[in-house]
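In what follows, a structure is listed as structure tokens, so that the remarks can point back to it.
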Amino acid sequence: MSFGAAVHRLVRRIPRGQVATYGQIAALLRRPRAARAVGAAIRACPAGVPWHRVVNARGSISRRRRAAGMLTQRILLEQEGLRFRRGHIPLERFQWRAVK
DNA sequence: GACTTGACTAGAC
DNA sequence: AGTCTAGCCAAGT
């Protein structure tokens, strides 16, 4: 199974109202230094994958080449009840605690 | 199969 | 507190 497919499978498990970080996803896949590659994988994720629940290590939305998607991500997260404080989501409260 | 490209990160200044 | 840097790694070309 490709790395990308593994990322998508894992992202689908993030519950509504919670978020995970790129580095966290990488670590869960036993590739602790592949955070960047996680971003690349999420860039092309299939429909149905809650890609918006993945944020950077500070709990904020990462910059893209084209900023359009950033607002979309924020809106989707707020629709799930998450609130931004000072430009970021407080991870201590809303980060997904994966079992594995 | 050799570059290039980032939706990354931790650390240094 | 804001920027910069150096590693990193899978995908795309």
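Atoms considered below: every heavy atom in the structure, side chains included; atoms not considered: hydrogens, waters and symmetry mates. Residue numbering restarts at 1 for every chain, and letters A, B, ... go by the order of the sequence lines.
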**Request:** Run the numbers on A:Leu77 and A:Val55 for side chain to side chain contact (heavy atoms under 4.5 Å, CB included), then give the verdict.
**Result:** CA-CA 10 Å; A:Leu77 289 173; A:Val55 296; 4.3 Å; yes
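Nucleotide C:dA1 holds its C1' atom 13 Å from the NE2 atom of A:His88, rounded to whole Å. Atom pair A:Leu76:CG and B:dA7:C1' shows a separation of 14 Å (rounding to whole Å applied). Separating the CZ atom of A:Arg31 from the C1' atom of B:dT9 is a distance of 18 Å, rounded to the nearest angstrom. Rounded to whole angstrom, the span from the CD atom of A:Gln24 across to the P atom of B:dT9 amounts to 10 Å. Between A:Arg65 atom CZ and B:dT4 atom P the separation is 15 Å, expressed in whole Å.
Here the closest non-hydrogen pair linking A:Ala35 and A:Tyr22 is O-CB, 3.8 Å. Across all non-hydrogen atoms, the minimal contact from A:Gly69 to A:Trp51 is O-CH2, 4.4 Å. Residues A:Val54 and A:Thr21 approach most closely at CG1-C, 4.1 Å, considering heavy atoms. Contact record, A:Ala57 with A:Leu91: O-CD1, 3.3 Å, taken as the closest heavy-atom pair. Of all heavy-atom pairs between A:Gly87 and A:Ser60, the closest is O-CB, 3.6 Å. The two residues A:Phe94 and A:Gly17 make their nearest non-hydrogen contact at CD2-O, 3.9 Å.
With pairs defined as Watson-Crick or G-U wobble and both atom distances under 3.5 Å, the stems of at least three pairs that touch DNA chain B come out as B:2-6 with C:9-13, B:8-13 with C:2-7.
Checking side-chain atoms of A:Arg64 against main-chain N and O of A:Ser62 turns up a donor-acceptor pair under 3.5 Å. Put simply, the side chain of A:Gln79 never gets that close to the backbone of A:Leu76: no donor and acceptor are under 3.5 Å apart. A donor-acceptor pair is defined here as one N or O able to donate and one able to accept, closer than 3.5 Å; such a pair exists between the side chain of A:His8 and the backbone of A:Ala41. In this structure, the side chain of A:Arg53 engages the main chain of A:Ile14 through a donor-acceptor pair within 3.5 Å. Judged by distance alone, with hydrogens and angles left aside, the side-chain atoms of A:Gln73 form a donor-acceptor pair with the main-chain N or O of A:His52 at under 3.5 Å.
Side chain of A:Ala37, nearest nucleotide from C:dC9, C:dA11, B:dT9: C:dC9. Side-chain proximity of A:Ser2 to B:dT9, B:dA7, C:dA11: nearest is C:dA11.
For the pair A:Cys45/A:Val11, no side-chain contact is recorded, criterion being any heavy-atom separation below 4.5 Å from C-beta on.
Residue-level contact check: A:Gly69 touches neither bases nor backbone, having no heavy atom under 4.0 Å from any strand. Residue A:Ala40 is out of contact with every strand shown, counting any heavy-atom pair closer than 4.0 Å. Base engagement by A:Tyr22 is indicated by at least one non-hydrogen atom pair under 4.0 Å involving a base atom.
For A:Gln18, the side chain to side chain donor-acceptor pair (under 3.5 Å) criterion is met by no residue, not counting sequence neighbours.
Remark: A:Arg86 CZ is loosely packed, at most 12 non-hydrogen atoms of other residues, nucleotides or ligands lying under 6.0 Å away.
Both tests pass for A:Arg74 against the ring of A:Phe84: distance under 6.0 Å to the centre and angle within 45° of the axis.
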Every protein N/O lying under 3.5 Å from an N/O of nucleotides 2-5 of chain C:
none

Contacts under 3.5 Å, N or O only, protein and nucleotides 6-8 of chain C:
from  : atom 1 : to      : atom 2 : distance (Å)
C:dG7 : O6     : A:Arg36 : NH1    : 2.8

Under 3.5 Å, N/O pairs linking protein and nucleotides 11-13 of chain B:
none

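Of the residues in residues 41-53 of chain A, those placing a heavy atom less than 4.0 Å from an atom of DNA chain B are A:Ile42, A:Arg43, A:Trp51, in numerical order.
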